[in-house]
Amino acid sequence: MGENLEINSRGYLSLYGVTSTAVLKETIEMIGGEVNYYIPNRFTDGYGPNVAAFERLIEHGTQLIVTCDNGVAGHDAIERAKVLGIDVIVTDHHELPSILPSAYAVIHPRHPKGLYPFGELSGVGVAFKLATALLGEIPVELLDLVALGTIADLVSLTDENRALVMQGLVVLQNTQRIGLSALFQLAKIKREEIDEETVGFIIGPRLNAVGRLGDASPAVELLTTFDDEIAASLAQLVQEKNTERQAYVSTITNEAFDMIEKNNVDPDVYVLAKEDWHEGVLGIVASKIVGKTGKPALVLNIDPAKGLAKGSGRSIPAFHLYNALDNVREFTTTFGGHHMAAGLTVPLENIERIQSELNQYAIENGVAQEMGEETQIDGQLSIKEATVEVVEELNRLAPFGTDNLKPTFLFKNVESQDIRRIGGDQAHLKMKLAEDNAFLDVIGFQFGPIVEEIGLHSSISVVGKLAINEWNGSRKTQMMLEDLAIEGVQVFDSRSTHIPSSLWKIEEADFVFFDQQNSEQYAHLLSDKSYSHTLTTPDSFSQFEMKTTQLIFVDCPFNIDSVKELLAQSSPEKIIACFYSREELYLNGMPNRSQFGQVFKYTAAHVDIDVRNKLNLLANHLKIKENNLIFIISVFLEIGFVTITDGVMNVVKDVQKKELEKAAAYQKRLKQIQSENFFVYSHFSELENWMKQQIKATP
């Protein structure tokens, strides 16, 4: 085809796509063509060729149109160009329709007459093959663009794509493109560390953000410019657009999840629609919803002026999104897509109907029971086996991507340590796993909220991918968390010298008070979804029954056995140990014999002691803490050493000698001190293990 193709230097060549556009722009220029490129704006032009755009381009002098990464479905626009006397060459890799457009040529890896041995090329891969044919040799210098586009296109990273990306990443690390160099500097990308993840998570999203929010042409110019000032300016624009995209995604995602939470119905397929949602990022938001809920999601922006809602959908393996939408075609204006993703426009009055019909489709096709994101586990490792050498060996299978996924490993029943939230918005999790004196660092992006659900030193199972973290010359293995399962009951340490106000914000929990005064002071602060239990008598213990899965011990019990009994008859999934001590009996201690004797001597030498109004004066005089003085008097009262009438205390004459230690008040305080010592001041791991043992001992 290249031998018969003439390109008039006075004409213009219009291209579609970003990396594929850059590849063909540079190629055509190498052979003497004058190139102009046109990227359709998704908000004004839609996707792919359209008649109005073709007419406009031809009117301005275009003599040949080459499409990039689209065109096999552009029958009307291509036919119009043909009528106007302009040839169209289609380069595409998307699904072929039953009837191909009447273009001058259709270059496609799965063309029925082509018999090309590998049908999974990306759009930029097809452009690169055309470039190779036109130049008569492999343009190695273009492989950096091929790597960018192939990875971003999420095509199969096997066979020829694997070879293109492997070679392309090497070229990308050494690229001479000043636009990319400027972007690397702004994004703090180290050239020598560039791999498929750098492209997929850092470079690709930045370049993609420009087109998501408007005209994608600046991304092409960034990739092809030879002007340092333009490169710096465009790199800054790309960086700013990415920040803008992230802000849109964050806001819309939060609003979408708020809608889900407030919805009284829990559907199998989410259809969410709202005004002023930026259409360019709705696919990303839908992906986040699928990732968190495990359910398909359609996220739409409402345009009240047009009476339409337009947006994107993402799905799960069990739910074929295109087939499901095809089942409700009559309720849409337009739609397109495939198994896992789709774009659609629907009349506002049909949104609820589509929601209902898609839910019914899920039920009728037996996929409602299969909802949920599946994680393929490639193997189970112990922490000692997760060495740097093992990761290096695994990395020989790179580049990873579609059909060549990075291996995912399970670490089962390991101990959680050093759990905390990180990141500017505290959205991420960082922790350490321990097993047989071996340790593994874990990073969980967007797992920050789970920190409150993982108890220190808990037994958990985690799933994720392994990487090598290099810092100050040290190299060690690190896991990127994908999922985790918490084994058994979780116990959290909230012990302090005061009751944290955040405690009352916890919903759906059973709050246990052992102190009547604390119950009267705080129980009214509980959420409507929580329950208060005041346990001060044997009957109250026997009647206790949990109504939720969370058990919160607000204050310290009067003896250890009371908690042991309570745990033995309960099955909590989560325990919060506050164990606040109002009187701090352990710190105050038990009064010694000399203090008992001192109080008795004073009482024997005085009459009508006003303990109701002048107790603090008496405590200061005797140099005994007031609460200890109250305790001593209560013991004396119990064993008959004194009488108290209307707040006035007098000694009982000729009282028979009795042992203080046998007094019920004395024994109660002794147990309270022991209880405080254990529940308030013991090492948390000791307390946690004891609690778990009591639950395991349940008959």
Side-chain angles (χ1 to χ4, degrees), residues 1-9 11-39 62-72 87-94 103-111 114 116-153 155 157 159-172 174-180 199 207 216-217 219-226:
M1 186 201 78
E3 295 178 357
N4 300 323
L5 176 62
E6 291 185 6
I7 300 178
N8 191 315
S9 62
Y12 295 91
L13 183 66
S14 297
L15 308 174
Y16 286 86
V18 174
T19 52
S20 48
T21 297
V23 164
L24 286 182
K25 175 182 182 296
E26 294 188 356
T27 299
I28 301 303
E29 289 174 340
M30 287 180 200
I31 60 176
E34 184 178 344
V35 180
N36 178 42
Y37 56 86
Y38 174 74
I39 310 289
T62 296
Q63 296 179 359
L64 174 67
I65 296 175
V66 180
T67 72
C68 296
D69 203 8
N70 71 81
V72 292
D87 289 331
V88 178
I89 296 173
V90 173
T91 72
D92 201 350
H93 75 119
H94 291 96
Y104 178 86
V106 176
I107 303 171
H108 194 290
R110 294 189 299 280
H111 195 291
Y116 193 73
F118 182 64
E120 301 301 320
L121 286 173
S122 65
V124 72
V126 175
F128 182 74
K129 303 303 282 190
L130 176 57
T132 301
L134 291 174
L135 296 170
E137 62 181 7
I138 298 175
V140 175
E141 68 276 12
L142 298 178
L143 281 171
D144 51 359
L145 299 176
V146 177
L148 284 175
T150 302
I151 293 169
D153 217 2
V155 293
L157 278 189
D159 203 277
E160 190 172 10
N161 282 342
R162 175 177 168 81
L164 290 171
V165 171
M166 287 182 70
Q167 297 299 318
L169 287 173
V170 175
V171 177
L172 188 60
N174 299 280
T175 187
Q176 299 302 305
R177 299 180 186 277
I178 57 177
L180 282 177
V199 173
L207 293 174
S217 298
V220 178
E221 191 173 357
L222 176 75
L223 296 175
T224 58
T225 186
F226 292 97

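Predicted model only: the values in this text are computed from it and were never measured. Position 1 is the first residue of the sequence, and the numbers go up from there.
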Quiz prompt | Derivation of the side chain to side chain contact (heavy atoms under 4.5 Å, CB included) call for Leu223 and Leu180 | solution = CA-CA 6 Å; Leu223 296 175; Leu180 282 177; 3.7 Å; yes

Between [atom1] on residue [X] and [atom2] on residue [Y], distance to nearest 0.5 Å:
| X | Y | atom1 | atom2 | value |
| --- | --- | --- | --- | --- |
| Ile31 | Leu134 | CD1 | CG | 4.5 Å |
| Arg162 | Met166 | CZ | CE | 5.0 Å |
| Leu143 | Phe128 | CG | CZ | 4.0 Å |
| Leu169 | Leu164 | CG | CG | 11.0 Å |
| Lys129 | Glu160 | NZ | CD | 4.0 Å |
| Lys25 | Met30 | NZ | CE | 10.0 Å |

For residues [X] and [Y], determine if any side-chain heavy atom of one lies less than 4.5 Å from a side-chain heavy atom of the other.
| X | Y | value |
| --- | --- | --- |
| Thr19 | Asp153 | no |
| Leu64 | Ile89 | yes |
| Ile65 | Tyr38 | no |
| Glu221 | Tyr37 | yes |
| Leu148 | Leu172 | yes |

[X] side chain to [Y] backbone, donor-acceptor under 3.5 Å:
| X | Y | answer |
| --- | --- | --- |
| Gln167 | Val165 | no |
| Asn70 | Cys68 | yes |
| Thr224 | Val220 | yes |
| Asp144 | Thr175 | no |

Quiz prompt | Matching residue for Asp92 among Val72, Val106, Ile107, Val126 - test: side-chain contact (heavy atoms from CB on, under 4.5 Å) | solution =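 Testing Asp92 for a side-chain contact (heavy atoms from CB on, under 4.5 Å) against Val72, Val106, Ile107, Val126 leaves exactly one candidate, Val72.
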
Looking only at non-hydrogen atoms, find the nearest pair between [X] and [Y] and report the distance.
| X | Y | answer |
| --- | --- | --- |
| Val90 | Ala103 | CG2-CB, 3.9 Å |
| Phe226 | Ile178 | C-CD1, 3.2 Å |
| Tyr116 | Pro109 | CB-O, 3.4 Å |
| Ala216 | Ile39 | CB-CG2, 3.6 Å |

Self-check item: Verdict with supporting geometry, Val155 and Leu121, side chain to side chain contact (heavy atoms under 4.5 Å, CB included)
Solution: CA-CA 7 Å; Val155 293; Leu121 286 173; over 6 Å; no

Practice problem: With sequence neighbours left out, write down each residue that passes salt bridge (Lys or Arg N to Asp or Glu O under 4.0 Å) with Glu141, or none if nothing qualifies. | Solution: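 Partners of Glu141 under the salt bridge (Lys or Arg N to Asp or Glu O under 4.0 Å) test: none.
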
Quiz prompt | Stepwise side chain to side chain contact (heavy atoms under 4.5 Å, CB included) test for Leu207 and Val18 | solution = CA-CA 9 Å; Leu207 293 174; Val18 174; 5.6 Å; no

Practice problem: Tell me, please, which residues at least two apart from Arg110 pass side chain to side chain contact (heavy atoms under 4.5 Å, CB included). | Solution: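 Partners of Arg110 by the side chain to side chain contact (heavy atoms under 4.5 Å, CB included) criterion, ordered by chain and then number, come out as Glu95, Leu96, His108, Glu120.
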
Quiz item: Should we say atom CG of Leu135 is surrounded by more than 12 heavy atoms from elsewhere, each under 6.0 Å from it?
Solution: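 Result for CG/Leu135: enclosed.
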
Exercise. Check the pair Thr150 / Leu157 against side chain to side chain contact (heavy atoms under 4.5 Å, CB included), numbers first and verdict last.
Key: CA-CA 8 Å; Thr150 302; Leu157 278 189; 4.1 Å; yes

